[in-house]
Chemist: 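Have a look at this one.
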Amino acid sequence: MATILDGSPASEGIASGKVFHLEWGMPLVPHVTIAEEEAPAEIERFHAARRWAQERLAELQSATEARLGPVEARIFEPQILMLDDSEVVDGTLRYIRENRLSAERAFEWRMLELQAMWNRTSHPMVLDRLNDLEDMVIRVLHRLLGHHDPTDLDDLEEGVIVVAKDLTPSLTVHLDPEKVLGVATDKGTRTAHWAILARSLEIPAVVGLGDATKRAQEGQPAILDGRIGRLVLDPGPQEVESFASRRAQLTSWEAEIEAVASLESVTADGQYFELRANLDLPAEAPHAVAHGAVGVGLMRTEFLVVGRNTMPSEEEQYEAYKAVAEAFPNGAVFIRTFDLGGDKFPMFLHMPREENPFLGWRAIRVCLDEPELFRTQLRALLRATAHGDVRMMLPLVNDVDEVRQVRELLEAEIKELNEKRIPYNRGFKLGVMIETPAAALDAAELARYCDFFSIGTNDLVQYTLAVDRTNTRLAKLYNPFHPAVVRQLHQIARVGRAAGIEVSVCGEMASNPLAAFLLLGLDITVLSMGWPSLPEIKKMLREVRIEDARKAARKALAAATSRDVQQCLVEGIGDSIDLKVFSGRWSLSLPE
Ligand code: PEP
Ligand code: MG
């Protein structure tokens with residue numbers, strides 16, 4: 001019997017191969033004490049291992065730069081720097097000298113101490129920092145113990161699906177896409193650094209599987225679906241067959257993408273719609289263009305700060321924003337200000353421990369409290385407006401005061417730019433993401449202070465339904481078709497129309513064919529999504545009629561349950577479109 005494990009999709013694509021357990025754990029370090037006169041030699045051994053690790057990381061950094069570009073390569077910086085950090089080095093030397101410990105034991109003790117300290121004093125979700133730290137510690141310890149380097153995967157067989165507790169950026173860039181067909185992890189989030197890298201390397205990945213490492217056996221046949229976030233162990237004939245047909249579908253679909261990308265975005269009855277891309281990294285812009293995006297509906301900017309121990313400079317940000325603007329000379333580029341907090345924290349912001357991070361110091365709240373960080377970003381954004389239709393978007397806004405405060409900060413920056421005669425677009429646009437029920441209910445007020453709304457359904461669903469979006473256990477309850485969500489979408493669209501401002505959707509929901517049909521029916525005709533989904537959504541929307549979508553949306557608005565909502569939509573689309581064929585990713589959420 002096949003075992004089916006569901007997690008979260010992290011990198012597109014499907015794969016079939018054999019399980020390979022990547023055990024990248026802390027080695028057992030024996031307790032060895034040394035004689036006083038041995039201390040200098042131990043210290044030298046420690047420095048040699050430290051230098052070796054730094055060299056390996058620097059090599060990886062340049063290989064990554066050549067393969068994926070400078071932004072991705074920067075993720076190694078914290079690890080390299082950490083190995084020079086006086087807290088790390090001096091503390092280890094002290095244990096060698098004063099406690100007469102072997103280099104490996106002294107280093108292990110010091111790192112456990114630091115880890116415990118960071119765990120206590122910083123946010124429990126400083127995932128990246130601890131992840132980076134662990135990566136570096138494991139590497140150095142194996143070296144000191146004289147073990148084979150566990151990151152050396154040269155002998156890996158072809159056709160494997162890597163199963164691990166979690167990955168790290170440096171392990172991910174080691175993975176050879178010729179041999180590693182997919183990655184499945186127990187932990188992790190889509191926004192983890194390594195997941196972003198897996199997407200750039202085009203290695204399918206599923207995260208948050210819970211106990212995949214326990215359930216999967218070495219060498220066991222497996223199918224991984226990075227689109228729906230599923231790992232199938234020991235697939236039976238039925239799963240193998242459906243994999244083959246999904247693969248054939250995807251292959252023929254890939255051949256069609258280019259043609260679809262150049263088609264006009266217009267429904268069968270002549271309604272124009274606009275499709276934009278969501279980007280996590282500037283390097284994704286060319287893919288988005290190739291998949292038919294006419295602009296960027298959401299450029300996440302956290303890549304500039306998460307995992308870094310210094311603030312990104314204005315110049316660095318300006319270059320990154322400008323690069324994306326220049327990739328879309330004829331389209332709008334919505335750049336979102338830092339959405340930190342929740343599950344994303346940079347190392348330089350020292351976070352207090354919070355019980356409910358998603359209800360805590362997050363997004364616009366962090367930015368308004370950290371003027372040095374925020375004003376630098378606003379300046380870089382203003383300067384980028386000189387290079388295209390760059391619009392600024394604020395995350396997690398709850399009330400007009402927050403927008404007012406941002407406008408005041410912008411005024412101050414504009415004054416300086418004027419004084420220094422630095423160019424920017426005086427007619428730049430500022431808008432808000434509608435991500436909370438408070439913002440949805442207060443949309444009419446907010447509309448008076450901004451130029452557009454972009455609905456962040458990932459958060460709107462989470463906050464409306466009180467369901468943590470990262471909790472895999474609650475995945476079934478996280479339902480964007482809940483009537484309370486549908487009614488809010490309707491309300492936001494109506495308010496936006498009345499105020500004469502653009503309303504778009506940039507949450508994952510827009511890439512669900514059924515939901516895209518609903519949004520169209522609610523007269524939300526600008527949709528932004530991960531670029532891989534653009535062609536299939538375009539193809540589907542070109543075959544539907546706006547009149548049918550409106551009719552279905554009207555019925556959906558009167559529905560009592562999410563199931564009924566979906567039923568109205570499926571009926572509205574009719575038999576002419578087989579939604580299951582259209583998108584393997586969402587077939588699970590269709591009613592039977
Ligand atoms: C959202 O909340 O829908 C959104 C697009 O933002 P993020 O997923 O980055 O929170
Ligand atoms: Mg959000």
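Only this structure's heavy atoms are used, side chains among them; waters, hydrogens and symmetry mates stay out. Remember, it's 1-based here, ligands and their atoms both numbered in the order they're listed.
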Chemist: Using a strict 4.0 Å threshold on nitrogen-to-oxygen distance, state whether D6 and R230 make a salt bridge.
Modeler: yes
Chemist: Quick one: does T385's side chain have a donor or acceptor within less than 3.5 Å of a partner on N425's backbone?
Modeler: yes
Chemist: Which ligand 1 atoms does R362 reach within 4.0 Å, using its non-hydrogen atoms?
Modeler: 10 (O)
Chemist: Which protein N, O or S atoms does the Mg ion (ligand 2) have within a distance shorter than 2.8 Å?
Modeler: E435 OE2, D459 OD2
Chemist: Give a yes/no on ligand 1: does E508 have at least one heavy atom closer than 4.0 angstrom to it?
Modeler: no
Chemist: Using only atom types and a distance under 3.5 Å, with no angle test, would you say the side chain of Y463 pairs donor to acceptor with the backbone of F358?
Modeler: yes
Chemist: Strictly below 4.0 Å, N to O, side chains only: are R383 and E315 in salt-bridge contact?
Modeler: yes
Chemist: Which of the atoms in ligand 1, numbered in the order shown and given with their element, are less than 4.0 Å from a heavy-atom of G456?
Modeler: 1 (C), 2 (O), 3 (O)
Chemist: Any donor-acceptor pair under 3.5 Å linking the side-chain atoms of T525 with those of Q271?
Modeler: no
Chemist: On the 0 to 90° scale, with breaks at 30° and 60°, tag the H287-W531 ring pair as parallel, tilted or perpendicular.
Modeler: parallel
Chemist: Within ligand 1, which atoms have a heavy atom of N458 less than 4.0 Å away?
Modeler: 1 (C), 2 (O), 3 (O), 4 (C), 5 (C), 8 (O)
Chemist: In plain terms, say whether E435 and R469 are close enough for a salt bridge, that is, a side-chain N and a carboxylate O under 4.0 Å apart.
Modeler: no
Chemist: Check side chain to side chain contact (heavy atoms under 4.5 Å, CB included) between V486 and all other residues, then give those that pass, not counting sequence neighbours.
Modeler: L518, L557, V565
Chemist: Quick one: does ligand 1 sit under 4.0 Å from the side chain of R300, the backbone, both or neither, non-hydrogen atoms only?
Modeler: side chain
Chemist: Does R336 reach ligand 1 with a nitrogen or oxygen that is under 3.5 Å from one of the ligand's nitrogen or oxygen atoms?
Modeler: yes
Chemist: Should Q317 and T376 be marked as a side chain to side chain contact (heavy atoms under 4.5 Å, CB included) after you check the CA-CA gap, both sets of side-chain angles, and the distance that decides it?
Modeler: CA-CA 9 Å; Q317 295 190 52; T376 309; 3.9 Å; yes
Chemist: Show the atoms of ligand 1 that are less than 4.0 angstrom away from any heavy atom in R469.
Modeler: 2 (O), 7 (P), 8 (O), 10 (O)
Chemist: Side chain, backbone, both or neither: which part of D339 has a heavy atom under 4.0 Å from ligand 1?
Modeler: side chain
Chemist: Below 4.0 angstrom from a heavy atom of M433, which ligand 1 atoms are there? Numbered from 1 as shown, please.
Modeler: 4 (C), 5 (C), 6 (O)
Chemist: Can Q566 and R563 be counted as having a side-chain donor-acceptor contact under 3.5 angstrom?
Modeler: no
Chemist: I'd like to check which ligand 1 atoms, numbered from 1 as shown, lie under 4.0 Å from a non-hydrogen atom of E435.
Modeler: 1 (C), 2 (O), 4 (C), 6 (O)
Chemist: Would you mind telling me if ligand 1 is within reach of the side chain of L298, the backbone, both or neither, using heavy atoms under 4.0 Å?
Modeler: side chain
Chemist: For the residue pair Q567 / D564, report whether a side-chain donor-acceptor contact shorter than 3.5 Å exists.
Modeler: no
